[in-house]
Amino acid sequence: MIIKRFDRQEELDQYAAHLITNIVREKEQPVLGLATGSTPVGIYKAIIEEASRTRLSFGHVTTYNLDEYVGLAPNHEQSYSYYMNEHLFRHLDFQPGKTHLPDGLAADPEAECKRYDEMLANHPLDVQLLGVGHNGHIGFNEPDAELHGGTHVVRLKEETRTANARFFDRAEEVPEFAFTMGVGSILKSKMIILVARGADKADIIKKALQGPITTACPASLLQTHANVIVLLDAEAGRELSEDGTRIQMVHS
Ligand code: F6R
């Protein structure tokens with residue numbers, strides 16, 4: 001695991017963007033695992049800037065998002081489908097048929113999970129971009145006694161609904177359920193980029209990266225992956241000790 005701490009948000013964003021655009025440049029059929037939330041917004045902006053500046057095409061890129069709210073249509077402003085179009089897809093030459101999110105309106109959620117897992121099995125992820133919840137969730141894999149390997153429907157914890165209420169007009173509008181890729185699928189990605197910003201993420205970053213590996217903190221399972229790069233701002237990284245043997249700390 002490599003951990004990089006950045007003093008400036010723009011540097012973090014450009015670094016993460018560059019890791020992703022390198023894959024897009026190098027691979028014939030790149031497959032990107034993408035995330036939503038506040039954390040990746042600047043990274044998507046940096047990808048758009050770099051791709052526009054270097055005339056990099058995304059026409060050959062396939063994407064899979066981590067999650068989607070159950071019950072929200074793709075054109076609902078708080079759906080993750082809408083978010084991805086606004087923040088990334090519509091700005092570059094992504095092919096509509098190649099960008100995938102679980103269908104929040106699927107009539108048969110179980111069949112939808114199976115469909116998503118089959119697509120993932122046929123298109124192994126080259127990279128998975130991740131944020132982390134305050135309770136250690138990755139995707140919407142919430143802390144629990146057991147975690148799921150594959151795509152499933154999860155009842156969101158109240159703390160997650162509260163954290164995400166800032167995107168909705170009223171807290172009650174935050175859906176109770178979401179589709180999420182499982183931890184097994186996330187860990188199958190060839191490379192994982194975990195990003196966290198802000199003092200409010202410092203405790204969970206410490207637990208996830210230097211605490212015990214436990215389903216009570218799903219992000220701690222990333223310690224078992226051979227190719228994880230963690231990008232933090234100074235606040236999110238402030239609780240980490242630099243003497244962990246599994247960690248290479250780089251300051252920018
Ligand atoms: C989003 C996702 C979530 C977020 C996490 C952090 O697709 O899967 O795990 O990454 O909730 O959210 P922010 O970035 O808003 O702090």
Side-chain angles (χ1 to χ4, degrees), residues 1-2 13 15-44 46-48 51 58-69 74 79-81 83-85 87-89 92 94-104 112-133 136-142 147-152 154 178-196 208 218-219 221-231:
M1 180 178 281
I2 295 175
D13 291 334
Y15 189 90
H18 202 57
L19 289 174
I20 292 169
T21 52
N22 271 346
I23 292 171
V24 171
R25 247 178 232 109
E26 281 163 16
K27 296 263 172 183
E28 221 166 284
Q29 295 185 316
V31 185
L32 310 180
L34 301 175
T36 59
S38 314
T39 307
V41 171
I43 297 171
Y44 294 146
I47 289 176
I48 295 162
F58 278 67
H60 61 312
V61 174
T62 301
T63 69
Y64 290 94
N65 263 80
L66 284 166
D67 36 26
E68 179 59 286
Y69 288 117
S79 76
Y80 287 165
S81 181
Y83 169 109
M84 288 310 301
N85 278 324
H87 290 288
L88 186 64
F89 297 153
L92 298 171
F94 283 94
Q95 299 301 297
K98 290 186 162 200
T99 59
H100 306 279
L101 290 97
D103 175 3
E112 178 59 7
C113 294
K114 198 163 168 266
R115 182 187 75 90
Y116 211 65
D117 280 345
E118 280 168 6
M119 288 195 296
L120 282 168
N122 291 327
H123 299 91
L125 299 173
D126 290 308
V127 63
Q128 176 65 59
L129 181 61
L130 290 179
V132 60
H137 71 220
I138 46 175
F140 274 138
N141 294 279
E142 300 279 34
L147 297 175
H148 292 251
T151 305
H152 58 286
V154 64
F179 287 100
T180 182
M181 212 186 262
V183 173
S185 306
I186 293 171
L187 292 175
K188 276 192 201 130
S189 178
K190 290 175 202 146
M191 177 188 190
I192 293 176
I193 305 172
L194 173 68
V195 183
L221 273 86
L222 298 174
Q223 293 180 43
T224 66
H225 192 284
N227 190 13
V228 179
I229 177 151
V230 185
L231 308 178

Residue pair [X] / [Y]: nearest heavy atoms and the distance that separates them:
{"X": "Lys27", "Y": "Lys190", "value": "NZ-NZ, 4.3 Å"}
{"X": "Val230", "Y": "Val228", "value": "CG2-CG1, 3.9 Å"}
{"X": "Pro74", "Y": "Ser79", "value": "O-OG, 3.1 Å"}
{"X": "Pro40", "Y": "Ala35", "value": "CG-O, 3.6 Å"}

Consider side chain to side chain contact (heavy atoms under 4.5 Å, CB included). Of Val31, Leu187, Ile186, which one does Gln128 pass it with?
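That would be Ile186; it is the only one of Val31, Leu187, Ile186 passing the side chain to side chain contact (heavy atoms under 4.5 Å, CB included) with Gln128.
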
Side-chain contact, heavy-atom cut-off 4.5 Å: [X] with [Y]?
{"X": "Ile23", "Y": "Met191", "value": "yes"}
{"X": "Ile47", "Y": "Phe58", "value": "yes"}
{"X": "Leu222", "Y": "Leu130", "value": "yes"}
{"X": "Ile48", "Y": "Leu92", "value": "yes"}
{"X": "Val154", "Y": "Asn141", "value": "no"}

Does [X] reach the main-chain N or O of [Y] with its side chain, forming a donor-acceptor pair under 3.5 Å?
{"X": "Gln95", "Y": "Val61", "result": "no"}
{"X": "Glu68", "Y": "Gly104", "result": "no"}
{"X": "His123", "Y": "Gln29", "result": "no"}
{"X": "His60", "Y": "Val24", "result": "yes"}

Do Glu118 and Arg115 meet the salt-bridge criterion of a basic N to acidic O distance under 4.0 Å?
no

Before you tell me yes or no, could you show the steps for Ile43 and Leu231 under side chain to side chain contact (heavy atoms under 4.5 Å, CB included), namely the whole-Å CA-CA distance, both residues' side-chain angles and the distance that decides it to 0.1 Å?
CA-CA 11 Å; Ile43 297 171; Leu231 308 178; 5.8 Å; no

How are the rings of [X] and [Y] set relative to one another: parallel (under 30°), tilted (30 to 60°) or perpendicular (over 60°)?
{"X": "Tyr44", "Y": "Tyr83", "value": "perpendicular"}
{"X": "His148", "Y": "His152", "value": "parallel"}
{"X": "Tyr64", "Y": "Tyr116", "value": "perpendicular"}

Which value, rounded to the nearest 0.5 Å, describes the distance between [X] atom [atom1] and [Y] atom [atom2]?
{"X": "His137", "Y": "Leu147", "atom1": "NE2", "atom2": "CG", "value": "13.0 Å"}
{"X": "Ile138", "Y": "Leu66", "atom1": "CD1", "atom2": "CG", "value": "8.5 Å"}
{"X": "Ile20", "Y": "Asp126", "atom1": "CD1", "atom2": "CG", "value": "11.5 Å"}

For Lys188, check side-chain contact (heavy atoms from CB on, under 4.5 Å) against everything at least two apart and list the hits.
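Not a single residue meets the side-chain contact (heavy atoms from CB on, under 4.5 Å) criterion with Lys188.
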
Worked check of side chain to side chain contact (heavy atoms under 4.5 Å, CB included) between Phe89 and Leu34:
CA-CA 11 Å; Phe89 297 153; Leu34 301 175; 3.9 Å; yes

Would you sort out whether Asn65 and Met84 count as a side chain to side chain contact (heavy atoms under 4.5 Å, CB included), showing the intermediate values?
CA-CA 9 Å; Asn65 263 80; Met84 288 310 301; 3.4 Å; yes

So His18 and Arg25, side chain to side chain contact (heavy atoms under 4.5 Å, CB included) or not? Walk me through it.
CA-CA 10 Å; His18 202 57; Arg25 247 178 232 109; 4.3 Å; yes

